[in-house]
Trainee: 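Once you've had a glance at the structure underneath, I'll fire off some questions.
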Amino acid sequence: MSPGSTAPDRATPDRTTLQHIRVVEVADERAEYVGLMLRSLGAEVVKIEPPGGSPTRGIGPFVDDRPDPEQSLHFWSYNRGKQSIILDPGDAGDRAALRTLLASCDVLVDGAGALTAEYLGLTTDEIVDHYPALVHARMTDFGDDGPWSHFLGSDLVHLALGGPMSNCGYDPDPDGHYGLAPMAPQLWHSYHIAGDQLVMGILAALLHRDRGGSGQLVSCAIHEAVAKNTELDLMNWVMRRAEMLRQTARHAAEQVTVSPTIAHTQDGRWFTMTLLGQKDHRALAAFLDDHGIPHDIAREATTKEVGRQIPGSGGADPMAAARAADGLQRMARKYTYADFPWRDAQKVGLVCAPVRKPHENLADEHWQARGTFARAEHPALGRSVPYPVSKWVSNVTGWSTGGWSPRLGEHQDTALGRSVRPAVTTPRGVVPATRPSRRGLPLPLEGVRILDFSWFLASAGATRFLSALGAESLKVEWAAHPDTRLGAMAPVGGRAARAAATGPLQGVTDPDMGGQFNNKNAGKRGLSLNVRDPRGLDIARRLVSISDIVAEGFSPGVMKRWGLGYDELCEIRPDIIYAQQSGAGELGTFGRLRVVGPIAAALSGATEMSGLPEPAMPAGWGYSYLDWIGAYSFATAMLAALYHRDRTGEGQWIDSSQVETGIFLTGVPLLDWDVNGRAWQRTGNRSPLKPAAPHGAYRAAGKDRWIAIACFDDEEWARLAGQVGEEWTRDPRFATLASRLAHQDELDDLMTGWTSTQDAYQLMYRLQTAGVRAGVCQTAADRCERDPQLDHLQWLTELAGTKIGTWPVPEMPIKMSATPPYIGGYLDRGAPNYGEDNEYVLGELLGFATRHIKELADDGVI
C-alpha cells in the first residue's frame, strides 16, 4: 500500500466470487477468453476438446519455438486453471457423457460454432428447453441470422469491419493521402472486446437466475461488439456527419494534427504525453524550463476553454499543440528511456508515461504490490511462469490464479465423475425481477440503485451498462467540475439538419447536448450536488443509505477527503459496494498517477504492440481503447460484487485499475518473454502467432479504401486463388502456407496489385461467398450506412433526451432471452441534463419539500 493510502486491507486469494459455479467450455480462440475470465473469478471450468485437442493448441509461440500441442504459450495463457476432457462428437457415448456433464453445470460457454451443436445434437432453443437453469453463453462471429451471418470472421476481419482499423494507423501524407494501410491492433482484441461483454451478460444472467428467475440464452456477435468499441468516430458521424482521420499513436480526429504525441529517446524508445487543456501547456512550459530545455510554448491563455475536453475531441489550438509536441521531443532526445523523468512530470500534473513493452510491467513494484501478476508451476518446464491474473483489487473477494493449463484429457475421469447439479437457491431478501422494460421483459438488475460519481468513459461507461441491465443510476455532477459533456455535439438545426446534411455540421455549444455524453450516460438520472457544502455532504450520505453501489472515477483519495471514503460509507450502510476506477489503482506505489486512455495504453504495453516492425514508430490505438476495456472490467467488478452480496450479505471495496485491464490482455507476450527470452515485436497487419498468408489490409479502388483478407491454410488459399484467377497464384513460392510465409513481401505486393483496382464491398461479398475471410476496413459512416448486419442486429436504439432530442445510441451488444438489456434502462431516456432529476432524487427518494429543494438551489448546494 502506498504511503497515506486509504485502501482497506486486501482480500486473501482463497475467497473468490464464482467458487461454487461450474462451467463447461466448448470454444476456440473466439471464446477461450470468456472461460479464462470465469476461471479467474473462481469458477470451475471444464474444457471440452475434440480428439487431437483444441485448435488453439496449434497457435504459437511455443516453448523453444518447437510446435507441440502441450507447449503452446497461447494455449497456456488462455486456459490456465481449466480442466480438459476429450470427447468425440461422432461418438454416441461421448455425446451422452457431455449431456450428463451439462446437467451438473451452471454455464455453457459456447464459442466453437457448429461443434457445440454437433456435440449435443441440440439446437440453441433445445438446449434452453433441456437445461432450464443453465446460462447458455454463445459467441458467434456475426450472429445466428441476418445477411452476413454466413460470413467467415477472424480477428483481423472483425477489427476491419468493426471500425478499430479505420481509427488506427499512421499519419497521412501532407496532401491527405494515406500511403500506409490502417493497422489492426494486436493481439486477439476483437475476441477480448466481445468476451468481456459476454462475461457481463453471464454475471447478469446468474444474478437473475439465483434471484428466482430462470436460466437463459446469452449471446454476443463479435461484429456487433467490436463495432461499438470505437470512441469518437461513431457519435460524431451520428450527430454531425463528421468523419475521423487516423493518426500515429493518438486519437483519430476530424482534422489531422501537426505532430505526434509520442517522443523518441536517445536509445530509440518512446514516451507519450496527453495535454488536456491550457493549464497543462503552462505546466509543460515550466517543466521544460526546470530541465533546461528551450521551447516556444505560450504561457498565457490563447483561447477560452469551455468545459472539459474529451481527449482527441478537438478544440485545441493546433500550433500550440505543435509547440508542445516539439518541446516534449526536444526533451526526450536529451535522455535515454531509463532516465527520462516522467514521474517528475507526473508530480507537476502532466499526463505523461513511457511507451512500455508488455514484459516491462513484470518488474514494476506497483503491480507487484497489487498482485497483478502471479506465478504458476508448469510441470513440463520444471518451474513457474508469470501470468497477469487480476484487473482489480477487493477487500473481500480475490482472484484465482488457477495453476497451469491442462494437458490434453488430463481430467477425463474426475471431471466426468460429477453429474448432480447443486440446488439453485434464491438469496434471502432478494426477489426476482418482474417489471417489464421497453423490451417487454424484466431487466436483471431491477431494484439495484447506484450513487454514481463516475465520469469520463472508463467509469461512466461501466454504470451505463448497469443502467442498461436495469439499475437506477443517480449520476452526480457539480458545476465546478462537470463530466466531459463536450464531444460529438448535436448539430445546429437538430435532427432535421442532420437528415439533410451532405457534409460535416457545426455543433451546438450547449453542454446538455453532447452526443458522447449521451452515449456514455443514457438511461441515468442527473443530480447536481456540491458535496463540499455540509448540506450537500448530508444529502450524499442519505443517498448512500438507500443505494447498493457507490461508483466513482476520481483520482484516489478524493472521496475520502470529502468524507465519503469506504469506512465512512460502511458506517452508513454496512453492506455497501464501493467501487472506484482510476488509472492505476489506489493500492500500490503510484499514488495519484494521472492517466487517461492513451496513457493507460502506453503503460500497459498496448501502444507498443501495434504497428509496423521497428524501427518504425508504434501505431498504437487511435482511440481510448482501455477506456472501453476499463468500463467493461469496472462493470464486471460491480456485477460480481452484487452476485457475492446476494449470496453472503457482504458488501465490498473495489479498487479497479484502467491500466491493469490492459495488462491482463498481454499474457502471451509475457510468457514468451519469460519462457523464450523474447520481447514483443510488432508485425504490422501480418498474423503474429497464428500462421497465415496472405494476412493484411490491401488497398482497394477509391480514396483510402482497404480490405482485410486472411488465409490460414492451403484450402483457404486455394479458394482465394480461384477468385484471383491470375498466373502468379500458381507460382511455387505460394504453393504451401510455409512457402507463402517465407515470401510474404512478394505475395503482399501481388495481392495489392490485384485488389487496388476493385471495389472493396464487391470484392468482400465475392470472397465471402467463395469461403474466404475478408472484410472492408469500415468507417463509422460505413457501419451506419452500409452494414446490413448491424442494422439487422438492431445495434442502435433511438432514445429521446429532454433537451438534446431523439438520437440513435449504441445498444448493449449482449442479447439475453429472458432479461434483454435496454440502453435506455427502466427510465427509457437519453442522458440527463445537468441536475435534471434533482426534484425526483431529493423529493421522491429523500422526501424533501419543494421549498427546501428551492433553498438548496438558491444557496448553490444543488
Side-chain angles (χ1 to χ4, degrees), residues 152 154-157 159-161 164-166 168-187 246 248 610-619 681-768 770-778:
L152 298 173
S154 73
D155 190 43
L156 178 74
V157 168
L159 293 172
L161 282 170
M165 285 184 71
S166 69
C168 301
Y170 293 97
D171 284 18
D173 300 335
D175 64 0
H177 172 263
Y178 280 99
L180 294 173
M183 288 288 132
Q186 303 290 345
L187 179 69
R246 61 187 180 276
T248 306
S610 293
L612 294 172
E614 295 184 63
M617 303 166 73
Q681 296 295 317
R682 300 189 296 272
T683 60
N685 287 323
R686 290 178 179 172
S687 182
L689 301 174
K690 183 179 180 180
H695 189 281
Y698 301 97
R699 192 181 294 278
K703 183 179 179 180
D704 197 31
R705 272 296 176 197
W706 306 83
I707 182 169
I709 299 173
C711 292
F712 291 98
D713 56 37
D714 291 338
E715 184 178 337
E716 292 182 355
W717 164 250
R719 292 196 290 266
L720 173 61
Q723 295 302 308
V724 175
E726 296 191 12
E727 182 64 29
W728 60 262
T729 61
R730 293 182 285 277
D731 190 303
R733 292 174 299 171
F734 310 135
T736 67
L737 177 58
S739 59
R740 289 194 301 279
L741 289 169
H743 297 92
Q744 287 188 85
D745 289 343
E746 302 98 306
L747 179 58
D748 284 347
D749 287 345
L750 290 165
M751 285 289 297
T752 299
W754 176 65
T755 61
S756 60
T757 61
Q758 304 193 47
D759 177 84
Y761 279 93
Q762 291 177 7
L763 181 57
M764 175 183 70
Y765 281 109
R766 178 177 152 197
L767 292 179
Q768 284 282 358
V772 177
R773 303 171 199 273
V776 175
C777 293
Q778 293 198 123

Trainee: Compare every heavy atom of A181 with every heavy atom of A697, then report the nearest pair and how far apart it is.
Mentor: O-CB, 3.7 Å
Trainee: Drop me the distance from L156's CG to L161's CG, to the nearest 0.5 angstrom.
Mentor: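 Reported to 0.5 Å precision, the distance equals 9.5 Å.
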Trainee: May I ask you to decide if A701's main-chain N or O and D759's side chain share a donor-acceptor pair within less than 3.5 Å?
Mentor: no
Trainee: Over 60° means perpendicular and under 30° means parallel, so classify the ring planes of W717 and W728, tilted if in between.
Mentor: tilted
Trainee: For D175, what residues pass the salt bridge (Lys or Arg N to Asp or Glu O under 4.0 Å) criterion, not counting sequence neighbours?
Mentor: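 D175 satisfies salt bridge (Lys or Arg N to Asp or Glu O under 4.0 Å) with no residue once adjacent residues are dropped.
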Trainee: So, using side-chain hydrogen bond (donor to acceptor under 3.5 Å, both in side chains) as the criterion, who are the partners of D731 when residues are at least two apart?
Mentor: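 D731 satisfies side-chain hydrogen bond (donor to acceptor under 3.5 Å, both in side chains) with R733 only.
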Trainee: Could you check whether any side-chain N or O of S166 sits under 3.5 Å from a backbone N or O of Q778, counting only pairs where one atom can act as donor and the other as acceptor?
Mentor: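 Checked: pair present.
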Trainee: How far does CE of M183 sit from OG1 of T683, to the nearest 0.5 angstrom?
Mentor: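 Separation between the atoms: 9.5 Å.
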Trainee: Nearest 0.5 Å, what's the CD-CG distance between Q186 and L689?
Mentor: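 Rounded to the nearest 0.5 Å, the CD-CG separation comes to 8.0 Å.
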Trainee: Which pairs with one or both residues in residues 687-700 pass salt bridge (Lys or Arg N to Asp or Glu O under 4.0 Å), sequence neighbours excluded?
Mentor: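 Residue pairs passing salt bridge (Lys or Arg N to Asp or Glu O under 4.0 Å), neighbours aside: E29-K690.
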Trainee: Only counting residues at least two apart or in another chain, list the ones meeting side chain to side chain contact (heavy atoms under 4.5 Å, CB included) with L152.
Mentor: Q768, R773
Trainee: Which atom pair, heavy atoms only, marks the closest approach of A770 to Q723?
Mentor: CB-NE2, 3.6 Å
Trainee: Give a yes or no on whether the backbone of M617 and the side-chain of Y170 come within a donor-acceptor separation of less than 3.5 Å.
Mentor: yes
Trainee: Locate the shortest heavy-atom distance separating R730 from E727; write the atom from each residue and the value.
Mentor: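 Where R730 meets E727 most closely, the heavy atoms are NH2-OE1, 2.7 Å.
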Trainee: Quick one, L720 and P694 - any side-chain contact, counting heavy atoms below 4.5 Å?
Mentor: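 SC-SC contact between L720 and P694 confirmed.
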Trainee: Roughly how far, to the nearest 0.5 Å, is CZ of R719 from CG of D713?
Mentor: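 Those atoms lie 7.0 Å apart.
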Trainee: So which atom in A692 and which in S687 form the shortest heavy-atom distance, rounded to 0.1 Å?
Mentor: CB-CB, 4.0 Å
Trainee: Could you tell me whether a side-chain N or O of Y178 sits under 3.5 Å from a main-chain N or O of R246, the two making a donor and an acceptor?
Mentor: yes
Trainee: Sequence neighbours left out, what passes ring-ring contact (aromatic ring centres under 6.0 Å, His included) with F712? Give chain and number order.
Mentor: H695
Trainee: Please check if the side chain of Q758 supplies one atom and the backbone of W754 the other of a donor-acceptor pair under 3.5 Å.
Mentor: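 Yes; at least one donor-acceptor contact below 3.5 Å.
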Trainee: For A184 and S610, which heavy atoms make the closest approach, and how far apart are they?
Mentor: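 Closest pair (atom of A184, atom of S610, distance): O-OG, 4.3 Å.
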Trainee: Can you give me the closest heavy-atom contact between A760 and I707, atom names plus distance?
Mentor: O-CD1, 3.7 Å
Trainee: Who pairs with R705 by salt bridge (Lys or Arg N to Asp or Glu O under 4.0 Å), at least two apart in sequence or on another chain?
Mentor: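 Residues passing salt bridge (Lys or Arg N to Asp or Glu O under 4.0 Å) with R705: D782.
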Trainee: I'd like to know if the side chain of N685 reaches the main chain of P182, judged simply by a donor and an acceptor atom lying under 3.5 Å from each other, with no hydrogens or angles considered.
Mentor: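 Present.
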Trainee: Side chains of R740 and L737: closer than 4.5 Å at any heavy-atom pair?
Mentor: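 A side-chain contact exists here, since the closest heavy-atom pair is under 4.5 Å.
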Trainee: Got a salt bridge between D745 and R686, using NZ or NE/NH1/NH2 to carboxylate O under 4.0 Å?
Mentor: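 Looking at D745 and R686, the cut-off is met.
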Trainee: Hey, is the main chain of S739 close enough, under 3.5 Å, to the side chain of H743 for a donor-acceptor pair?
Mentor: yes
Trainee: Nearest 0.5 Å please: distance from the CG atom of L741 over to the CG atom of L747.
Mentor: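 Answer rounded to 0.5 Å: 9.5 Å.
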Trainee: When rounded to the nearest 0.5 angstrom, what distance separates CZ in F734 from CG in L750?
Mentor: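 Here the rounded value is 5.0 Å.
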